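These notes are about the structure you will find just below.
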Amino acid sequence: MNSDQVVTRFAPSPTGYLHIGGARTALFNWLFARGRGGKFLLRIEDTDRARSTPEATAAILKGMDWLGLDHDGEVISQFDRADRHAEVAHEMLASGHAYKCFATQDEIQAFRDAAKAEGKSTLYRSPWRDAAADTHPDAPYVVRLKAPREGATVIKDAVQGDVTIRNDQLDDMICLRSDGTPTYMLAVVVDDHDMGVTHAIRGDDHLNNAARQMLVYQAMGWDIPVWAHIPLIHGADGKKLSKRHGALGVEEYQALGYPAQAMRNYLARLGWSHGDDEFFSDAQALEWFDLKGIGKSPARFDFKKLDNLSGQHLSAMEDEAVLAAYEAFRSVTGEDMLHPQKRDLLLKAMPVLKTSAKTFPQLTEKARFILADRPLERDEKAQGALDEVSRSILKELTPQLQNVSWDRNTLETVLNDLAEAHGTKFGKLAAPLRAALAGRAATPSVFDMMLVLGPDETIARLKDAAT
RNA sequence: GGCCCGUUCGUCUAUCGGUUAGGACGCCAGGUUUUCAACCUGGAAAGACGAGUUCGAUUCUCGUACGGGCUGCCA
């Protein structure tokens with residue numbers, strides 16, 4: 001095994017869906033590891049039994065899967081490793097780096113309330129820190145880390161630079177709860193160490209915690225991984241991302257009809273940059289991604305830009321790939337499976353469809369002339385285009401199309417000639433043709449539709465509209 | 001309250017002391033056109049504020065303001 005190998009991890013807590021901010025954190029870790037031939041691990045931080053649910057774990061896995069963020073090895077449950085965490089806590093107890101604290105939660109709460117009321121620091125100083133063992137009562141206790149009170153702790157962060165926190169700001173964090181279960185603060189350190197994590201890219205809500213976690217590394221004599229604390233994503237109003245901003249879970253973006261590679265591109269670009277590159281492939285992201293390019297300030301989520309990127313990716317994707325992703329989208333949103341025949345037509349029309357749609361719902365709209373069956377339901381605008389005059393022209397057109405060779409040039413000639421015969425331009429004919437072929441006023445090019453539909457279906461639809 | 005972090009066009013960002021402060025999305029105008037979209041051309045649009053260091057600050061330092069985070073026997 002190569003000791004230089006990069007190992008990253010994504011460590012969400014299973015209390016809900018995969019949050020969009022979490023997805024970006026996962027993406028950064030994935031890009032960093034995969035781009036360097038390293039490993040990307042997944043650990044579920046489920047030590048809070050009251051809030052963790054298997055449904056949430058499943059939702060996170062699903063979200064990761066959709067985003068294409070594959071992890072190495074088994075999914076690790078932090079809760080399953082509780083014994084190991086306790087073992088480390090007891091080691092620190094034995095080595096004098098930790099101590100038993102018998103203060104009850106009520107006592108501590110009372111202290112905090114009083115401190116707050118007086119406007120004083122709410123940092124709790126346990127009276128048990130230096131208590132002799134023979135004074136210990138026979139009562140439940142928590143294991144606290146004995147943090148230094150002098151000097152300062154410097155967090156070396158790959159994004160934030162050196163962050164110095166005075167030790168008198170640190171409390172003696174709890175490692176083991178009074179019921180013997182480990183806290184996140186301890187577990188995260190033990191797990192990262194045991195899993196061989198070399199780089200931990202995580203939200204900057206953990207930046208302050210890093211100082212206390214560092215003490216555990218020091219107490220155990222372990223190497224500290226490279227930390228990179230990335231700023232959180234904010235909503236469009238600059239406030240913390242919350243439910244009122246709409247889409248929060250990645251599965252919502254899937255349901256909104258964004259292809260996964262567009263999501264990866266957009267998310268990567270949110271808070272990270274590689275010069276002026278905006279639109280890029282996964283291969284390029286993998287090659288370019290580094291910690292240096294990560295910005296320090298929080299970014300806001302912008303759907304307009306996502307839309308644009310999404311459109312560019314759709315255009316650049318292979319026809320089959322777009323179709324496959326589109327089918328997955330349809331199944332997620334509960335739409336019918338595509339009939340093989342319609343699938344073929346969609347594939348045939350894909351070069352046109354994919355370049356004019358930004359999202360899958362838009363693609364559905366553009367593909368309406370394929371998806372809808374005769375007799376077509378027409379909206380008001382389409383119906384309006386089929387006035388008396390137009391219908392008579394369509395009636396005149398049908399026989400002319402009967403035996404022509406079905407290619408673009410011929411069709412253009414026929415329609416242009418017809419328009420000329422009526423002393424008008426083709427543009428005038430286009431509206432009723434759209435209405436006849438798609439039942440809508442906004443559609444792909446008339447010729448594109450005719451070519452995809454073929455002569456029989458085209459003529460049948462024209463006849464439907466003419467009567 | 002204490003501590004920590006952040007602040008360049010509306011948004012995402014580039015800039016490693018010297019630039020007409022660049023790009024992208026969006027927006028506006030024009031063009032193309034067979035509707036919508038797409039596409040092409042052009043345009044408006046930014047260094048939070050105040051000091052200091054320097055020949056010279058968006059860039060370095062300090063302060064202020066604003067925003068965010070932490071301050072849990074949550075993660």
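Side chains are part of it too, since the values below use all heavy atoms of this structure and drop only hydrogens, waters and symmetry mates. Note that this is a predicted model, so its numbers are computed, not measured. In what follows, chains are A, B, ... by sequence order, proteins preceding strands, each numbered from 1.
Atom CZ of A/Arg112 is separated from atom C1' of B/G72 by 6 Å (rounded to the nearest Å). Across the protein-nucleic acid pair, A/Ile294 atom CD1 and B/C12 atom P stand 17 Å apart, rounded to whole Å. Rounded to whole Å, the distance from CD1 on A/Ile174 to P on B/C74 is 8 Å. The separation between A/His313 atom NE2 and B/A38 atom C1' is 17 Å, rounded to whole Å.
Taking every side-chain heavy atom of A/Asn208 into account, B/C4 is the closest of B/G6, B/C4, B/C12. The side chain of A/Thr122 lies closest to B/U71 when the candidates are B/U34, B/C70, B/U71.
Counting atom types as modelled, A/Thr443 pairs no side-chain N or O with a base atom of B/C36 as donor and acceptor under 3.5 Å. The base of B/G2 is not paired with the side chain of A/Gln169 by any donor and acceptor separated by under 3.5 Å. Judged by distance alone, with hydrogens and angles left aside, A/Arg434 brings a side-chain donor or acceptor within reach of the base of B/U34, the pair sitting under 3.5 Å. Residue A/Asp204 places no side-chain atom within donor-acceptor reach of the base of B/G69, judged by atom type and a 3.5 Å distance cut-off alone.
Residue A/Lys358 places at least one side-chain N or O closer than 4.0 Å to OP1 or OP2 of B/A38. The phosphate of B/C25 has neither OP1 nor OP2 within less than 4.0 Å of any side-chain N or O from A/Lys304. In terms of phosphate contacts, A/Arg440 brings no side-chain nitrogen or oxygen within less than 4.0 Å of OP1 or OP2 of B/U35. Residue A/Thr15 places none of its side-chain N or O atoms closer than 4.0 Å to OP1 or OP2 of B/A75. Between A/Arg212 and the phosphate of B/G72, there is no side-chain N or O to OP1/OP2 separation shorter than 4.0 Å. For the pair A/Arg177 and B/C74, the criterion of a side-chain N or O lying under 4.0 Å from OP1 or OP2 is met.
For the pair A/His90 (side chain) and A/Ala86 (backbone), a donor-acceptor distance under 3.5 Å is present.
Using a 4.0 Å heavy-atom distance criterion, A/Ser297 is classed as a sugar-phosphate-only contact. Contacts of A/Thr164 with the nucleic acid, taken as non-hydrogen atoms under 4.0 Å apart, involve only primed sugar atoms and P, OP1 or OP2.
Pairing each heavy atom of A/Asn167 with each of A/Glu150, the nearest pair is OD1-O, 2.7 Å.
Nucleotide B/G43 forms a Watson-Crick or G-U wobble pair with B/C27, both donor-acceptor distances falling under 3.5 Å. B/A51 and B/U61 make up a base pair, with Watson-Crick or G-U wobble contacts both under 3.5 Å.
A salt bridge does not link A/Asp290 with A/Lys292: every distance from a Lys NZ or Arg NE/NH1/NH2 to an Asp or Glu carboxylate oxygen is 4.0 Å or more. Checked for salt-bridge contact, A/Asp277 and A/Arg269 miss the test: no charged N lies under 4.0 Å from a carboxylate O.
Between A/His136 and A/Phe102, the ring planes lie tilted relative to each other; the angle falls in the 30° to 60° range.
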